[in-house]
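Have a look at the structure below, then the notes.
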Amino acid sequence: MSQLTLDAEQLYAQLLRGVRGLLASLGEPVRIAGVTSGGAWLAERLQRDLGLPGSAGVVSSSMHRDDFGRRGLAITAQTQLPFDVTDAHVLLVDDVLYTGRTLRAVINELFDYGRPACVKLAVLVDRGGRELPIQADVCAATVALADNQTLELARADDGRLSFVLENKTKA
């Protein structure tokens, strides 16, 4: 089996280029919100690198997950939107798109705060395996992983991004 090598910093540069192009086609105001936690890191960095005013938002999926009864509420994963969602063009940002269930929950959470003019999605990596009809408008890379593998974005103290690929063991 070959080793998967993904350079998160290089993929971020591709994501930034794609988001620039997407934002050029959207109306005003444009707001960026990242999915906790990897997506939030990306949204914060995109906000800065694009020179957008204000702060990026953070959207948690925990209150609308279809497995909430099993997982419960994560204290660190609370939604914080420092902008008005109503009539805004919202760019949701996530690190890894897989089944689409997290994004479904995030969109439900976003609509609890208002009705955006439109919602677009940018992801660093699409790993396939969709269970819901959700697709990214901007995607830096597409990879194929086994069902027993997880791919997560990590951020070092200096802000550099990397990926952690792990094999899940059956409990």
Show which side-chain atoms of residues 82-95 pair as donor or acceptor with protein atoms under 3.5 Å away, not counting sequence neighbours.
from, atom 1, to, atom 2, distance (Å)
Asp84, OD1, Thr86, N, 3.2

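For the atom pair Leu132 CG and Arg101 CZ, the distance stands at 5.0 Å (nearest 0.5 Å). To the nearest 0.5 Å, atom CG of residue Leu11 and atom CZ of residue Phe163 are 5.5 Å apart. Expressed to the nearest 0.5 Å, how far CZ of Arg127 lies from OG1 of Thr99 amounts to 9.0 Å. Distance check, rounded to the nearest 0.5 Å: CD of Gln80 to OG1 of Thr36 gives 8.5 Å.
If you run side chain to side chain contact (heavy atoms under 4.5 Å, CB included) between Leu124 and each of Leu42, Leu151, Leu97, only Leu42 comes through.
Under 4.0 Å is where a charged nitrogen must lie from a carboxylate oxygen, and between Lys168 and Glu152 no such pair does.
For Val123 against Ala136, the heavy-atom pair with the smallest separation is CG2-CB, 3.6 Å. Contact between Arg130 and Asp126 at its shortest, heavy atoms only, is NH2-OD2, 2.6 Å. Residues Ala40 and Val58 come closest through the heavy atom pair CB-CG2, 3.9 Å. Heavy-atom minimum distance, Leu110 versus Pro116: CD2-CG, 4.2 Å. Pairing each heavy atom of Val30 with each of Glu28, the nearest pair is N-OE1, 3.8 Å. Shortest non-hydrogen contact noted between Ser25 and Leu22 is OG-O, 2.7 Å.
Asp158 CG: more than 12 foreign heavy atoms inside a 6.0 Å radius.
Put simply, the side chain of Arg160 never gets that close to the backbone of Ala154: no donor and acceptor are under 3.5 Å apart. Formation of a donor-acceptor pair under 3.5 Å by the Asp137 side chain with backbone atoms of Leu121 is found in this model.
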Margin query: Set out, in order, the CA-CA distance, both residues' side-chain angles and the distance that settles side chain to side chain contact (heavy atoms under 4.5 Å, CB included) for Thr79 and Asp112, then state yes or no.
Written below: CA-CA 11 Å; Thr79 296; Asp112 283 351; over 6 Å; no
Check: Does the pair Leu161 and Arg45 meet the rule for a side chain to side chain contact (heavy atoms under 4.5 Å, CB included), with working shown?
Finding: CA-CA 11 Å; Leu161 303 171; Arg45 194 159 160 188; 3.5 Å; yes
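Following chains of ILVMFWY side-chain contacts shorter than 4.5 Å, one can reach Val138 starting from Val96, so the two form part of one hydrophobic cluster. Tracing side-chain contacts under 4.5 Å through hydrophobic residues (I, L, V, M, F, W, Y), one never reaches Leu145 starting from Tyr98; they form parts of separate clusters. When the side chains of ILVMFWY residues are joined at heavy-atom separations under 4.5 Å, either directly or via intervening members, Leu153 and Leu15 end up in a single hydrophobic cluster. If you chain together hydrophobic residues whose side chains sit under 4.5 Å apart, Val35 and Val119 fall into the same group.
Looking only at side-chain heavy atoms (C-beta outward), Thr150 and Val164 stay at 4.5 Å or farther from each other.
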